[in-house]
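A note on names: the letters A, B, ... follow the listed sequences, proteins ahead of strands, and every chain is numbered from 1. Nothing here was measured: the structure is a model prediction, and the numbers come from that model.
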Amino acid sequence: MIVDFGRNPSMKHYHCVPAFVSKLWTLVEAPSTNDLICWSQDGCSFLVQDEQQFSKEVLPLYFKHSNMTSFVRQLNMYGFHKVVHMDSGLPKSDGQVNCVEFQHENFQRAQPHLLGLICRKIIKFIINIVQLNGIKGCKRRL
Amino acid sequence: MIVDFGRNPSMKHYHCVPAFVSKLWTLVEAPSTNDLICWSQDGCSFLVQDEQQFSKEVLPLYFKHSNMTSFVRQLNMYGFHKVVHMDSGLPKSDGQVNCVEFQHENFQRAQPHLLGLICRKIIKFIINIVQLNGIKGCKRRL
Amino acid sequence: MIVDFGRNPSMKHYHCVPAFVSKLWTLVEAPSTNDLICWSQDGCSFLVQDEQQFSKEVLPLYFKHSNMTSFVRQLNMYGFHKVVHMDSGLPKSDGQVNCVEFQHENFQRAQPHLLGLICRKIIKFIINIVQLNGIKGCKRRL
DNA sequence: AGCGTTCTAGAATATTCGTTA
DNA sequence: CTAACGAATATTCTAGAACGC
């Protein structure tokens, strides 16, 4: 397995590592955004320091949106879990920024070889009414 | 059903008309881009005059991409069909721009009340291996 | 039915109108925060002009949190729907702030008598007749 | 027992890439 | 050859579920 540590978000992603996971790794590693997103001290999780600035400035560099909620939906989709802090939900004192932490057992600093183990949860089923382009009709119209 | 024909892309679209169809209508109607996308003469189809310029300049104003292929995929998804021209496939002479034409029986000039009849083809099925967070385990970790 | 239009968030809420709905009405009506949350032009929906500033400055005045996601969860819980705009998700030009719009058929300007019709969705929980510890296990770990 | 807050998941559309007919 | 489709991930809006009050 190969992981690309390219400096810009246009790096390739390889077949064993989903695009999201590859981008996330690059994102957390990137020194230029370490003030907004970085590894935790022990390297077993990552921190987003200022959710609002992060979503508006960093997310669109890697994804087609700037919504923290979409980012979190993807994290959950890949099995990441929020690390809940004792003071979450409490009002912040002045100048204190919020801090969000997420964790996945196979997403750890200096352990890129584990990334291939992170997989997306598959949607269980979908249905139903298929709009047929004229059931007996031709599939091509001139 | 209500469709908003507002002049700018910030107008709403309502639940009976899918976002794509609502955007497409606005796009074809918009006078500012009539040189790139417009109704055909009889109003039963629409034309894209310069595929390249259209995809790079117009699409990102309405969608999260600038790829003609993604636009076409959506058109097919909603039951639109390409109108094949006699000279398609022939080499273009200098200065002649390509022209693409698409059609849907419920997408016609001055007939917005038909838009609600245009519906997306539903994906027929999806499968499979669900990553279980520990089958017997909890769904939430703190 | 009585609705309290009190100026401060400590107003009472009355039995026919849930606390959340009562607070929401007060919030939208309040002139002091009209730059962040207000009625739409036709009075059939309400707008949040700057999601980030709104969540940090206004929400904690009325609720025990400052998270937009919690606010939205409540809105959905009471049957409100987001009104999707055509340009949603597209990159904003300079100085252009995001705008979120929500709607409920019984939440309209100058129609407080309708508020009593807004009710919370009932939780559709499944009763586990037999407590199957070890099989279904706990759903949360501490 | 019901409401409020939080974390996670469901469900539908959107985007991409590759294949089919 | 190419229009149309399959299939997977991505993004969005809404709902499920746990827990505290």
### Query
Listed by chain and number, what are the side-chain contact (heavy atoms from CB on, under 4.5 Å) partners of Q53(B), not counting sequence neighbours?
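In terms of side-chain contact (heavy atoms from CB on, under 4.5 Å), with neighbours along the sequence ignored, Q53(B) is linked to L36(B), D50(B), E57(B).
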### Task
Name all residues meeting the side-chain contact (heavy atoms from CB on, under 4.5 Å) criterion together with S40(A); count only those two or more places apart in sequence or in a different chain, and write none if there are none.
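Counting only residues at least two positions away or on another chain, S40(A) forms a side-chain contact (heavy atoms from CB on, under 4.5 Å) with D42(A), S45(A), L47(A), E101(A).
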### Residues forming a side-chain hydrogen bond (donor to acceptor under 3.5 Å, both in side chains) with Q111(B), sequence neighbours excluded
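Checked Q111(B) against side-chain hydrogen bond (donor to acceptor under 3.5 Å, both in side chains); matches are H113(B).
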[X] has an atom [atom1]; how far is it from atom [atom2] of [N], in whole Å?
| X | N | atom1 | atom2 | value |
| --- | --- | --- | --- | --- |
| L75(B) | dA3(E) | CG | P | 12 Å |
| D87(C) | dT12(E) | CG | P | 12 Å |
| Q103(C) | dC13(E) | CD | P | 14 Å |
| F80(B) | dA4(E) | CZ | P | 12 Å |
| L24(A) | dA10(E) | CG | P | 11 Å |
| M68(C) | dT14(E) | CE | P | 12 Å |
| M77(B) | dA3(E) | CE | P | 19 Å |
| F102(C) | dT12(E) | CZ | P | 13 Å |

### Task
Compare side-chain N and O positions of N67(B) against OP1 and OP2 of dT16(D) and report whether any pair is under 4.0 Å apart.
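Yes, because at least one side-chain N or O of N67(B) sits under 4.0 Å from OP1 or OP2 of dT16(D).
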### Query
Between dC7(D) and H81(A), is there an OP1 or OP2 to side-chain N/O distance shorter than 4.0 Å?
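Checking H81(A) against dC7(D): no side-chain N or O falls below 4.0 Å of OP1 or OP2.
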### Message
Using modelled atom types and a 3.5 Å cut-off, is there a donor and acceptor pairing between side-chain atoms of T26(C) and backbone atoms of S22(C)?
### Response
yes
### Query
Toward the 5' end of DNA chain D, which comes first, F71(B) or N76(A), by nearest nucleotide?
N76(A)
### Query
Pick the nucleotide of DNA chain D nearest each of S70(B) and S70(C); which residue has the one closer to the 5' end?
S70(C)
### With F54(C) via ring pair (Phe, Tyr, Trp, His ring centres under 6.0 Å) - residues at least two apart
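Here the qualifying residues are F71(C).
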### Message
So, using ring pair (Phe, Tyr, Trp, His ring centres under 6.0 Å) as the criterion, who are the partners of F107(A) when residues are at least two apart?
### Response
W25(A), W39(A), F46(A), F80(A)
### V72(C) side chain near F102(C) side chain, heavy-atom distance below 4.5 Å
yes
### Message
Are the side chains of L27(B) and L61(B) in contact, using a 4.5 Å heavy-atom criterion?
### Response
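Heavy-atom side-chain distance check fails, nothing below 4.5 Å.
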### Query
Is any side-chain N or O of R73(B) under 3.5 Å from a base N or O of dG6(E), one able to act as donor and the other as acceptor?
yes
### Message
At a heavy-atom distance below 4.0 Å, what parts of residues 45-53 of chain A sit against DNA chain D?
### Response
none
Can you tabulate the close N/O pairs, meaning under 3.5 Å, that link protein atoms to atoms of nucleotides 2-4 of chain D?
residue, atom, partner, partner atom, Å
dG4(D), OP1, F20(C), N, 3.3
dG4(D), OP2, Q74(C), NE2, 3.1
dG4(D), OP2, Y78(C), OH, 2.6
dG4(D), O5', Q74(C), NE2, 3.2
dG4(D), N7, R120(C), NH2, 2.9

### Query
Which pairs with one or both residues in residues 71-84 of chain C pass side chain to side chain donor-acceptor pair (under 3.5 Å), sequence neighbours excluded?
none
